[in-house]
Amino acid sequence: MPIFVDCDWGKKNNDVSEKYAIRGYPTVVFADPDGKEIGRLGKRDAASVAAQIEEMAKKHPGK
Amino acid sequence: MRMRFVAAAALLAAACGSAGAQDGGKIAWKGKGEDVKAVMAQAKKDGKAMMMFFTSEG
């Protein structure tokens, strides 16, 4: 599930950004359904991003 | 000569057509204008992994 978290330079969603130790923008974090971080976006080329998303989706296909 | 030109033009048109179809796709982001925690709770309920895009639009 893709979730857009607008932090508005620290004015919004502070608790969520602190939970994942966000230090800069943009940052993409992958988390399991329980909210546990399972990875962060590495390479930003299209093929790598798609591969990483697919890997995460396979591990957690949803109900 | 004319046939080569027609074949090349057809090949170019096909390549442009396939390139045009690649619009990069659209992602239906959750959380825009919504309570992020509620969206995360829904993801947990649905058993879905999350891809969270932290940014600043302010």
Side-chain angles (χ1 to χ4, degrees):
Chain A
M1 178 180 288
I3 302 176
F4 189 92
V5 185
D6 179 21
C7 298
D8 194 8
W9 301 109
K11 298 176 186 176
K12 296 180 184 178
N13 296 307
N14 284 340
D15 47 355
V16 180
S17 61
E18 284 180 11
K19 177 180 179 179
Y20 296 101
I22 303 302
R23 295 291 176 260
Y25 311 119
T27 297
V28 179
V29 175
F30 293 97
D32 67 9
D34 291 324
K36 180 183 175 184
E37 181 174 338
I38 55 178
R40 295 203 174 196
L41 187 65
K43 296 180 181 179
R44 297 188 180 186
D45 61 282
S48 297
V49 172
Q52 196 167 4
I53 291 174
E54 282 192 32
E55 180 185 348
M56 297 297 168
K58 283 180 182 177
K59 289 180 180 178
H60 302 281
K63 297 178 182 176
Chain B
M1 181 68 180
R2 180 181 170 82
M3 286 304 295
R4 286 185 185 178
F5 176 78
V6 172
L11 184 63
L12 184 61
C16 289
S18 63
Q22 294 174 8
D23 62 357
K26 303 289 182 191
I27 296 179
W29 292 102
K30 300 287 186 182
K32 280 195 168 184
E34 301 176 71
D35 180 8
V36 171
K37 289 182 182 176
V39 175
M40 294 174 69
Q42 185 64 45
K44 180 176 181 176
K45 182 181 176 183
D46 296 340
K48 293 182 178 179
M50 296 175 274
M51 178 177 74
M52 293 179 283
F53 183 81
F54 290 85
T55 186
S56 182
E57 289 190 320

Between A:V28, A:I53, A:D34, A:V29, which has the largest tally of heavy atom pairs under 4.5 Å with chain B?
A:V29
A:Y20 and B:F54 aromatic ring geometry - parallel, tilted or perpendicular at 30°/60° bounds:
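Correct class here is tilted.
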Which atoms of A:N13 approach chain B - backbone, side chain, both or neither, heavy atom under 4.5 Å:
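Contact with chain B involves the side chain of A:N13 alone.
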pair B:F53-A:P2: side-chain heavy atoms closer than 4.5 Å:
no
Which heavy-atom pair separates A:P33 from B:A49 by the least distance, and what is that distance?
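Taking A:P33 first and B:A49 second, the nearest heavy atoms are CG-N, 4.0 Å.
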Grab the two heavy atoms, one from A:D6 and one from B:S56, that are nearest each other, plus how far apart they are.
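Result for this residue pair: OD1-CA, 3.5 Å.
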With rounding to the nearest 0.5 angstrom, report the CE to CZ distance, B:M52 to A:F30.
10.0 Å
Rounded to the nearest 0.5 Å, what's the gap from CE on B:M50 to NZ on A:K36? Could you check?
12.5 Å
What donor-acceptor contacts under 3.5 angstrom involve side-chain atoms of residues 32-39 of chain B, with partners at least two apart or in another chain?
from	atom 1	to	atom 2	distance (Å)
B:E34	OE2	B:G31	N	3.1
B:D35	OD1	B:K37	N	3.2
B:K37	NZ	A:D15	OD2	2.2

When the 4.5 angstrom heavy-atom criterion is applied to B:A28 and chain A, the contacting part is backbone
